[in-house]
Amino acid sequence: MSGIPVKPIIVIVLLVALFSSCSQPTIFDEQVAIENAKWHKGESARFSVEINDSLTSYDFYLTVRNTKDYRYSNLYIFLLTRFPNNNLSRDTIEIMLADKTGKWLGKGWGSLKENTILLKQNLRFPLSGEYQFLIQQAMRVDTLEGISNVGLRIEKSKY
């Protein structure tokens, strides 16, 4: 018998299986750029997500990118959810972007930091169909400077 030895093939198959099992399938991951990093109170980041499985559990994340020009240590947002049956829900969420000493949280180098915040773990969507999510800034200023991107990520839950 000639060709590739069996042991290297087994090692390759095991490595592929190991790396593919480490990450959870992302069913949605999208970001909206905030023009000139100036988020006006009336503007919303809009996302539409088709959920076909109401039995599967998901992990639900928000992503926020801020520049060094952001003046606050936290960010309040409104998360509006429109369900497939047109019912609405509205949540007010506080996101910490800096610690008590003023050091920026999140990942990134230089003047841009990215924070990924787990909002809900092991969440089941009650209905199949299209969900619409709107994210609005809820700070007490009309134009919020220093937020460059807002995003939404949904993954199949690990648990």
Side-chain angles (χ1 to χ4, degrees), residues 20-159:
S20 65
S21 68
C22 290
S23 65
Q24 297 303 314
T26 300
I27 66 159
F28 186 84
D29 190 0
E30 194 173 299
Q31 292 198 18
V32 171
I34 307 297
E35 189 174 344
N36 298 319
K38 294 182 180 184
W39 196 359
H40 301 283
K41 203 163 202 68
E43 295 177 352
S44 299
R46 298 173 187 265
F47 306 96
S48 293
V49 182
E50 187 70 31
I51 300 294
N52 297 316
D53 185 354
S54 62
L55 299 177
T56 298
S57 296
Y58 299 96
D59 296 335
F60 191 89
Y61 298 88
L62 281 179
T63 305
V64 176
R65 285 187 187 157
N66 65 285
T67 69
K68 65 179 181 178
D69 297 328
Y70 190 68
R71 296 178 30 197
Y72 309 99
S73 63
N74 65 344
L75 170 67
Y76 280 98
I77 63 165
F78 295 130
L79 174 64
L80 289 86
T81 305
R82 181 178 299 274
F83 293 79
N85 62 3
N86 283 327
N87 286 347
L88 292 171
S89 73
R90 178 177 162 173
D91 296 303
T92 303
I93 300 165
E94 180 184 18
I95 300 167
M96 297 307 299
L97 300 177
D99 66 15
K100 292 178 183 178
T101 66
K103 180 182 174 201
W104 292 116
L105 303 173
K107 297 178 182 177
W109 297 96
S111 66
L112 190 65
K113 294 293 182 183
E114 180 173 294
N115 287 275
T116 302
I117 300 93
L118 176 64
L119 286 183
K120 299 276 185 181
Q121 189 172 25
N122 214 20
L123 167 77
R124 288 190 180 158
F125 289 95
L127 303 167
S128 294
E130 182 182 36
Y131 285 78
Q132 295 177 356
F133 300 97
L134 277 72
I135 300 172
Q136 300 172 323
Q137 66 103 336
M139 300 293 280
R140 294 183 177 172
V141 294
D142 288 335
T143 302
L144 190 59
E145 295 188 31
I147 301 296
S148 63
N149 295 73
V150 178
L152 177 69
R153 188 172 83 221
I154 302 172
E155 298 177 352
K156 288 190 177 179
S157 184
K158 301 169 189 159
Y159 305 102

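Residues: numbered from 1 along the sequence shown.
Proximity of a side-chain donor or acceptor of Gln31 to a complementary backbone N or O of Asn149 within less than 3.5 Å is not detected.
From Leu97, atom CG reaches atom CD1 of Ile147 across 5.5 Å, with rounding to the nearest 0.5 Å.
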Start with the C-alpha distance between Leu119 and Leu79, add both sets of side-chain angles, then the distance that settles side-chain contact (heavy atoms from CB on, under 4.5 Å), and finish with yes or no. CA-CA 11 Å; Leu119 286 183; Leu79 174 64; 4.1 Å; yes
Arg153 vs Thr26, side-chain contact (heavy atoms from CB on, under 4.5 Å): CA-CA, chis, key distance, verdict: CA-CA 7 Å; Arg153 188 172 83 221; Thr26 300; 3.9 Å; yes
Quick one: do Ile135 and Ile93 satisfy side-chain contact (heavy atoms from CB on, under 4.5 Å)? Show the steps, please. CA-CA 10 Å; Ile135 300 172; Ile93 300 165; over 6 Å; no
I'd like to know whether Arg124 forms a side-chain contact (heavy atoms from CB on, under 4.5 Å) with Ser54, so could you lay out the CA-CA distance, the side-chain angles of the two residues, the decisive distance to 0.1 Å, and finally the verdict. CA-CA 6 Å; Arg124 288 190 180 158; Ser54 62; over 6 Å; no
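In the displayed structure, Phe83 atom CZ is contacted under 6.0 Å by more than 12 heavy atoms of other residues, nucleotides or ligands. Atom CD of Glu35 has 12 or fewer neighbouring heavy atoms from other residues, nucleotides or ligands inside a 6.0 Å radius.
Using a 4.5 Å heavy-atom cutoff, the side chains of Val150 and Ile77 are not in contact.
Scanning all heavy atoms of the two residues, the minimum distance from Trp39 to Leu75 falls at CZ3-CD2, 4.4 Å. A pairwise comparison of heavy atoms in Ser128 and Asp53 identifies OG-N, 4.1 Å as the closest pair. Smallest separation of non-hydrogen atoms from Thr67 and Trp104: O-CZ2, 4.1 Å. Summarising the geometry of Asn74 relative to Met139, their closest heavy-atom pair is O-CE, 3.7 Å, with the distance given to 0.1 Å. Considering every non-hydrogen atom in both Gln136 and Leu80, the closest pair reads OE1-CD1, 3.7 Å. Between Gln132 and Ser48, the closest heavy-atom pair is CG-OG, 3.8 Å.
With Ile154 as the fixed residue, the side chain to side chain contact (heavy atoms under 4.5 Å, CB included) test singles out one of Tyr131, Phe28, Phe47, Tyr61: Phe28. Checked options Lys41, Lys38, His40; the residue passing with Thr143 is His40 (criterion: side-chain hydrogen bond (donor to acceptor under 3.5 Å, both in side chains)).
Salt bridge absent: Glu114 and Lys107 never bring a charged side-chain N and a carboxylate O closer than 4.0 Å.
When ring centroids are compared, Phe133 and Phe60 come within the 6.0 Å threshold.
With no hydrogens or angles considered, a side-chain donor-acceptor pair links Asp59 and Ser157 at under 3.5 Å.
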